[in-house]
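Structure record follows, encoded as structure tokens.
Note on naming: letters A, B, ... go to the chains in the order of the sequence lines (proteins, then strands), and numbering restarts at 1 for each one. Values below: all heavy atoms of this structure, side chains included; hydrogens, waters and symmetry mates excluded.
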Number of protein chains: 2
Amino acid sequence: MGIAERKEREKEELRERILVAAKNLFLEKGVEKTSIRNIADLIEYSPGSIYHYFKDKNEIFHVLHQGGFQQLMGRMEVLESVSNPMERLKGMGSIYVQFALENPDMYDLMFIKDAPILHVSNSNEEQWKEGFGTFNFLRATIQECIQTGHFRGHEEEALSFLVWSTVHGMVSLRIRRRCEVVLAQRQDTIVKDGLNEFFNILDRLSS
Amino acid sequence: MGIAERKEREKEELRERILVAAKNLFLEKGVEKTSIRNIADLIEYSPGSIYHYFKDKNEIFHVLHQGGFQQLMGRMEVLESVSNPMERLKGMGSIYVQFALENPDMYDLMFIKDAPILHVSNSNEEQWKEGFGTFNFLRATIQECIQTGHFRGHEEEALSFLVWSTVHGMVSLRIRRRCEVVLAQRQDTIVKDGLNEFFNILDRLSS
DNA sequence: ATTTTTTTTTGAACAGTGTTCATTTATTTT
DNA sequence: AAAATAAATGAACACTGTTCAAAAAAAAAT
């Protein structure tokens with residue numbers, strides 16, 4: 001009988017509708033300022049219904065959080081055809097920054113917001129493979145750079161963290177509006193300019 | 001008559017007590033999860049009273065926020081005796097990172113949390129001189145480095161932003177627990193190790 | 001010393017929050 | 001058509017930031 005399957009499908013549909021509504025509201029007003037009632041209003045269901053599909057607000061956040069990593073990883077895939085590891089490294093930087101600036105709220109959710117990440121790491125660590133994957137891709141690339149003679153005298157893991165920190169630092173200062181006061185005139189280009197300075201530095205370390 | 005003065009003093013004292021209580025609670029439970037009632041309970045006053053000393057919760061946050069910048073600037077002052085600009089630059093990095101790791105919640109308040117910063121920049125821009133000052137100190141130092149032959153081919157403002165971003169990136173990834181999953185074994189040393197890699201890079205750019 | 005004025009403090013009230021759960025409504029199976 | 005199952009509801013609970021008329025306390029004036 002296909003009834004059970006249809007019901008399953010309908011359940012999944014409503015679950016998806018909740019996620020879409022939550023995502024829109026989260027990105028529009030922020031996680032904190034989005035209430036379960038707001039989400040319920042948007043999908044025209046009662047607040048209580050949402051708790052039949054998600055344990056709590058954190059779980060909704062968590063699912064969207066994971067989706068972000070899959071998106072970012074997806075963008076990185078085009079780099080697998082770039083054989084030169086230094087070029088690939090720079091490509092990763094560009095894609096990372098572009099992703100962050102194009103999806104500032106999603107980036108915020110993924111790398112800046114702190115609320116429900118503890119809940120995540122406490123529960124299912126399997127679900128972190130996505131975030132794990134992106135960083136491991138960076139590490140593998142830097143390892144290749146070292147193997148081909150770049151970054152002499154540097155330690156791979158710490159250097160990978162440093163590179164990640166540099167791009168994260170720029171975009172997070174931008175996203176959290178710390179440039180506005182201190183670099184008012186140059187707000188729109190400062191991240192791109194900073195990234196270029198960074199690429200210059202990377203090139204100098206090659207020789 | 002000294003009565004008015006005594007009253008003024010008492011008012012200032014209660015204001016200070018509110019700030020101390022708020023700071024403790026903010027750093028302990030976070031700004032968001034600290035309620036006005038929590039603060040009122042701690043100082044044994046009614047919730048309404050607090051609104052006679054501060055316009056709203058944001059103003060309390062704002063005053064503490066400013067205090068953080070003054071603290072950080074204070075720590076930087078010892079570097080004014082360091083004449084070599086490259087050494088001074090590295091000293092700034094060390095002090096910045098140390099401040100952040102020793103006062104993670106205050107750092108969070110100053111550079112990561114986003115809630116009330118708009119309110120700040122909209123209101124009194126005078127009050128931002130502290131944050132302005134720290135960054136300008138960095139810029140001045142890097143300018144000196146350039147004048148003494150370092151960082152050839154780099155642009156001062158963008159490079160300053162990049163340097164700030166690098167240290168901010170490391171400490172903010174640490175504070176917001178993004179190292180836990182990805183660098184579990186090395187959590188406690190990764191920021192120090194990353195900073196050393198950064199110092200190595202800076203030294204290489206000197207020659 | 002008593003009354004008036006000013007200052008300070010209160011706590012109830014408002015509109016909002018996340019979450020729970022007995023009850024109602026809708027659907028499927030018998 | 002009746003019984004059983006599944007899904008959705010919305011009132012209720014304990015919380016949130018904030019406001020404001022009223023009460024209490026303190027100071028000033030009489």
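- Here the P atom of nucleotide D:dT19 and the NE2 atom of B:His52 are 11 Å apart, to the nearest Å.
- Applying the side-chain contact (heavy atoms from CB on, under 4.5 Å) test to B:Lys23 and every residue at least two apart in sequence or in another chain returns B:Leu27, B:Leu64, B:Gln71, B:Met106.
- Rounded to an integer number of Å, the gap from CG of A:Asp41 to C1' of C:dG18 is 15 Å.
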Name each donor-acceptor pair under 3.5 Å that joins a side chain in residues 159-171 of chain B to protein atoms two or more places apart or in another chain, with its distance.
from	atom 1	to	atom 2	distance (Å)
B:Ser160	OG	B:Glu156	O	2.8
B:Ser160	OG	B:Glu156	OE2	3.4
B:Trp164	NE1	B:Tyr96	OH	3.0
B:Ser165	OG	B:Phe161	O	2.8
B:Thr166	OG1	B:Leu162	O	2.7
B:His168	ND1	B:Tyr107	OH	2.7
B:His168	NE2	A:Ser172	OG	3.3

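- Under a 4.0 Å N-O distance rule, the pair B:Arg88/B:Glu144 qualifies as a salt bridge.
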* To do: Could you encode protein contacts along nucleotides 10-17 of chain D as a string, one character per nucleotide from 5' to 3', using B for base contact, S for sugar-phosphate-only contact and - for no contact, with a heavy-atom cut-off of under 4.0 Å?
  => B-B---BB

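- Each end of the helix from C:dA1-D:dT30 to C:dT30-D:dA1 gets its own rotation axis from five pairs of C1' atoms, and the angle between them is 30° to the nearest 10 degrees.
- A:Glu13 pairs by the side chain to side chain donor-acceptor pair (under 3.5 Å) definition with nothing, not counting sequence neighbours.
- When the side-chain contact (heavy atoms from CB on, under 4.5 Å) test is applied to B:Arg17, the partners found at least two apart in sequence or on another chain are B:Leu14, B:Ile43, B:Tyr45.
- A heavy atom lying under 4.0 Å from DNA chain C marks the following residues of residues 11-18 of chain B, by number: B:Lys11, B:Leu14.
- Rounded to an integer number of Å, the gap from CD1 of B:Ile43 to C1' of C:dT10 is 13 Å.
- Rounding to the nearest 0.5 Å gives a distance of 12.5 Å between CG of B:Asp108 and CZ of B:Phe26.
- Distances shorter than 4.0 Å separate some side-chain N or O of A:Tyr53 from OP1 or OP2 on D:dA8.
- A salt bridge links A:Arg174 with A:Asp188: at least one charged nitrogen is closer than 4.0 Å to a carboxylate oxygen.
- In terms of the side chain to side chain donor-acceptor pair (under 3.5 Å) criterion, residue partners of A:Asp193 (sequence neighbours excluded) are, by chain and number, A:Arg186, A:Thr189.
- For B:Ser49, the side chain to side chain donor-acceptor pair (under 3.5 Å) criterion is met by B:Ser46, not counting sequence neighbours.
- Within a 6.0 Å radius of NZ in A:Lys29, other residues, nucleotides and ligands contribute more than 12 heavy atoms.
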* Yes or no on ring pair (Phe, Tyr, Trp, His ring centres under 6.0 Å) for A:Phe54 and A:Phe61, after CA distance, side-chain angles and deciding distance? -> CA-CA 10 Å; A:Phe54 297 94; A:Phe61 171 91; over 10 Å; no

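- B:Glu102 meets the side-chain contact (heavy atoms from CB on, under 4.5 Å) test with B:Arg75, B:Gln98; sequence neighbours excluded.
- Following rounding to the nearest Å, A:Glu44 (CD) and D:dT9 (P) show an atom-to-atom distance of 10 Å.
- Not counting sequence neighbours, the partners of B:Asn84 by the side-chain contact (heavy atoms from CB on, under 4.5 Å) test are B:Met86, B:Glu87.
- Atom-to-atom, OH of B:Tyr45 to C1' of C:dT7 comes out at 13 Å; the value is rounded to the nearest Å.
- Remark: nothing in residues 19-26 of chain A comes within less than 4.0 Å of DNA chain D through any heavy atom.
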